[in-house]
Amino acid sequence: MVHFFNIKKAETKTKDIPKEDYDELMKLFKRCDVNNNGKLSWEEVKAGFRRLQSRFPLYRTHRAFQMADENHDGFINVNDELDKLVTYALECYPGKIKLRLL
């Protein structure tokens, strides 16, 4: 039987992620926590994707919450869930982080 679609979600391997891109995104999303409560709200995540010059920041934010908000509280915890948000962003923009942040 031939499968035309891979149903499993593609996962980024940590060895494939450039450390400088990962660090840049960690700093970017931490700066988006404007009220410094350790949680990223919907608007704060959307602001991060706007800073990345996303053509679809609303869609990217929606998908980011599906991927990273494990406890479904409506926030992405900077200490526990930020890694998943950054990994998702790196999957969306592989190798283009520096160019997007100019």
Side-chain angles (χ1 to χ4, degrees):
M1 175 181 239
V2 177
H3 295 280
F4 292 103
F5 300 102
N6 187 0
I7 297 174
K8 292 174 71 176
K9 182 182 148 270
E11 295 181 16
T12 303
K13 309 242 185 315
T14 53
K15 65 180 181 179
D16 297 337
I17 298 173
K19 175 116 174 80
E20 56 275 357
D21 287 351
Y22 181 87
D23 292 342
E24 282 294 320
L25 285 179
M26 288 293 274
K27 286 190 266 183
L28 170 80
F29 283 111
K30 284 181 180 179
R31 283 193 308 262
C32 288
D33 183 17
V34 292
N35 56 1
N36 293 319
N37 64 350
K39 298 178 183 178
L40 293 172
S41 69
W42 182 274
E43 290 300 320
E44 290 169 333
V45 173
K46 189 167 70 171
F49 281 109
R50 283 190 176 140
R51 177 72 180 100
L52 286 170
Q53 302 176 20
S54 173
R55 290 182 10 195
F56 309 106
L58 189 63
Y59 173 76
R60 293 286 176 221
T61 302
H62 175 74
R63 291 290 296 147
F65 270 85
Q66 286 180 330
M67 304 293 252
D69 186 16
E70 291 181 333
N71 59 2
H72 306 289
D73 66 347
F75 295 96
I76 294 176
N77 188 313
V78 173
N79 296 324
D80 302 330
E81 301 168 331
L82 186 59
D83 180 59
K84 290 174 181 54
L85 170 62
V86 169
T87 301
Y88 168 69
L90 286 168
E91 289 174 356
C92 295
Y93 312 110
K96 300 177 184 176
I97 300 302
K98 296 272 188 207
L99 293 174
R100 291 183 167 277
L101 293 175
L102 291 179

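What's counted below: heavy atoms across the whole structure, side chains too, no hydrogens, waters or symmetry copies. Nothing fancy with the numbering, it's 1 onward along the sequence.
- Atoms CG and CG, on Asn77 and Asn71 in that order, are 7.5 Å from each other to the nearest 0.5 Å.
- Scanning both residues, Cys32 and Ala47, for their nearest heavy atoms gives SG-C, 4.3 Å.
- A donor-acceptor pair under 3.5 Å is formed between the side chain of Glu81 and the backbone N or O of Glu70.
- Because its NZ or CZ atom is not both nearer than 6.0 Å to the ring centre of Phe56 and within 45° of the ring axis, Arg63 does not count as a cation-pi partner of that residue.
- When all heavy atoms of Val45 and Leu40 are compared, the pair lying nearest together is CG2-CB, 3.7 Å.
- Cluster annotation: Leu52 and Leu90 are assigned to the same hydrophobic cluster (Ile/Leu/Val/Met/Phe/Trp/Tyr, side-chain heavy-atom contacts under 4.5 Å, transitive).
- The hydrophobic clustering, which links ILVMFWY residues whose side-chain heavy atoms are closer than 4.5 Å, places Phe75 and Met26 apart.
- Atoms CD and NZ, on Glu24 and Lys19 in that order, are 11.0 Å from each other to the nearest 0.5 Å.
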request  = Apply the test side chain to side chain contact (heavy atoms under 4.5 Å, CB included) to residues Phe49 and Leu58: give CA-CA distance (whole Å), side-chain angles for both, the deciding distance (0.1 Å), then the verdict.
outcome  = CA-CA 8 Å; Phe49 281 109; Leu58 189 63; over 6 Å; no
request  = Show your reasoning for whether side chain to side chain contact (heavy atoms under 4.5 Å, CB included) applies to Lys27 and Lys30.
outcome  = CA-CA 5 Å; Lys27 286 190 266 183; Lys30 284 181 180 179; 5.8 Å; no
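- Across all non-hydrogen atoms, the minimal contact from Leu85 to Ala64 is CD1-CB, 3.4 Å.
- Note that NE2 of His62 and CH2 of Trp42 are 6.0 Å apart. Values are rounded to the nearest 0.5 Å.
- When all heavy atoms of Val78 and Leu82 are compared, the pair lying nearest together is O-CB, 3.3 Å.
- In this structure, NZ in Lys46 is found 15.0 Å from CZ in Arg60, a value given to the nearest 0.5 Å.
- Transitive grouping of hydrophobic side chains (ILVMFWY, heavy atoms separated by less than 4.5 Å) brings Tyr88 and Val86 into a common cluster.
- Val34 and Leu25 fall into different hydrophobic clusters, where Ile, Leu, Val, Met, Phe, Trp and Tyr are joined by side-chain heavy atoms under 4.5 Å apart, directly or via other members.
- If you check the side chains of Ser54 and Tyr93, you find a donor sitting under 3.5 Å from an acceptor.
- Summarising the geometry of Ile76 relative to Phe65, their closest heavy-atom pair is CG1-CE2, 3.9 Å, with the distance given to 0.1 Å.
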